[in-house]
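Since the structure comes first, as structure tokens, the remarks are kept for the end.
Both ligands and their constituent atoms are indexed starting at 1 by order of listing. The figures that follow rest on heavy atoms only: side chains count, while hydrogens, waters and symmetry mates do not.
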Amino acid sequence: MQLDVVTLFPQWFDWFSEQRHVANALAAGNELRALDLREHTPLSGGQVDDTPFGGGAGMVLRVDVMDHALRGFYGIDPVDLRRERRVIALTPGGRILDEALVNELAAEPAVTLLCGRYEGFDERIVQHFCSDAVSIGRYVLAGGELAAMVVCDAVLRKLPGALGHADSAAEESFSAALGGDPEYPHYTRPADYRGWNVPDVLLSGHHEEIRRWRRARSRERGATGGA
Ligand code: SAM
């Protein structure tokens, strides 16, 4: 899979790319590129934004700058690009990132994430260059870079080779194996710490009972919306 992030801060992704599961996914043949929005700007002094029509605070990322950037990176009109690959505007009001969307993206051969800054994108970027708009939650970050990392982290760990143990991703919160419920609680040594005991069933060695106990805890968490 090729994951591209268009950003004003490509260097943020140097650290991210070095993290174990990301590095594993890249070593397994996937690609993560941080593309500098300023690289192809047609404006002088590396300008990328401008004041909003109609007035108001802040600066808005210009549609012509994004047009030049995407043409520069991909060599085609961005209006056509979104038919070739998912081009996603990261924006607080977009479709909420959840397990279904992560699985959807992990099945794509190529995805481009656009990071906003300041007041966000000129709406024509979203309308004409993007296939989707995605939010990582109903709150506002200063920029799209952390949102892009959240998307990349969630997607890359789904890919073969990213995690050390293939089963870790098969049975985890919201997976089909758990019927979409959150994962059951885990415990490790010591079995008794300050009088806080690990449930007996987990020490019993009865695999079927353990499986049933875990499934029940998982369902409980799904029903209550708990941790
Ligand atoms: N004026 C925008 C609004 O009120 O919706 C907020 C812009 S925000 C300060 C700047 C950029 O950060 C956005 O364009 C987007 O790329 C990114 N961003 C902020 N919060 C986000 C979120 N919850 N999910 C995804 N991206 C987010």
Heteroatom distance test ([X], ligand 1): nitrogen or oxygen, under 3.5 angstrom:
X      : answer
Leu114 : no
Ile136 : yes
Gly137 : yes

Closer than 4.0 Å to some heavy atom of [X] - which atoms of ligand 1 meet that?
X      : value
Tyr118 : 7 (C), 8 (S), 9 (C), 10 (C)
Ala147 : 25 (C), 26 (N)
Gly120 : 14 (O)
Gly144 : 12 (O), 16 (O), 17 (C)
Val140 : 6 (C), 8 (S), 9 (C), 20 (N)

Suppose we measure from [atom] to each protein heavy atom; which comes out shortest, and what is that distance?
atom                    : value
atom 20 (N) of ligand 1 : Leu141 N, 2.9 Å
atom 1 (N) of ligand 1  : Glu119 O, 2.9 Å
atom 5 (O) of ligand 1  : Pro92 CG, 3.5 Å

Going by heavy atoms in the side chains, are [X] and [Y] under 4.5 Å from each other?
X      : Y      : value
His68  : Glu39  : no
Phe121 : Leu114 : yes
Val6   : Leu70  : yes
Glu183 : Arg214 : no

* CE/Met1 to CG/Leu32 distance, rounded to the nearest 0.5 angstrom? ->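 Answer rounded to 0.5 Å: 10.0 Å.
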
* Mind checking whether Phe13 and Phe16 have parallel, tilted or perpendicular rings, split at 30° and 60°? -> perpendicular

* Asked: Hey, is Gly93 one of the residues with a heavy atom under 4.0 angstrom from ligand 1?
  -> no

* Asked: If you measure from each heavy atom of Val134 to ligand 1, is any distance below 4.0 Å?
  ->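 Contact present.
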
* **Heavy atoms of other groups near Arg95 CZ, more than 12 under 6.0 Å** => yes

* Hey, is CG on Asp14 packed in by over 12 heavy atoms from elsewhere, all under 6.0 Å? ->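 For Asp14, atom CG is crowded (more than 12 foreign heavy atoms under 6.0 Å).
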
* Scan the protein's non-hydrogen atoms and note whether one is under 4.0 Å from atom 16 (O) of ligand 1. =>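 Within 4.0 Å of atom 16 (O) of ligand 1, protein heavy atoms are found.
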
* Out of Leu105, Val151, Thr112, which one pairs with Ile88 under the side chain to side chain contact (heavy atoms under 4.5 Å, CB included) rule? ->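 Answer to the side chain to side chain contact (heavy atoms under 4.5 Å, CB included) test with Ile88 among Leu105, Val151, Thr112: Leu105.
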
* Ser135 and ligand 1 - part of the residue with a heavy-atom distance under 4.0 Å -> both

* Region of Ala89 that comes within reach of ligand 1 [heavy atoms, distance under 4.0 Å] -> neither

* Decide, yes or no, whether a salt bridge links Asp181 with Arg215 under the criterion of side-chain N to carboxylate O below 4.0 Å. =>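 So Asp181 pairs with Arg215 through a salt bridge.
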
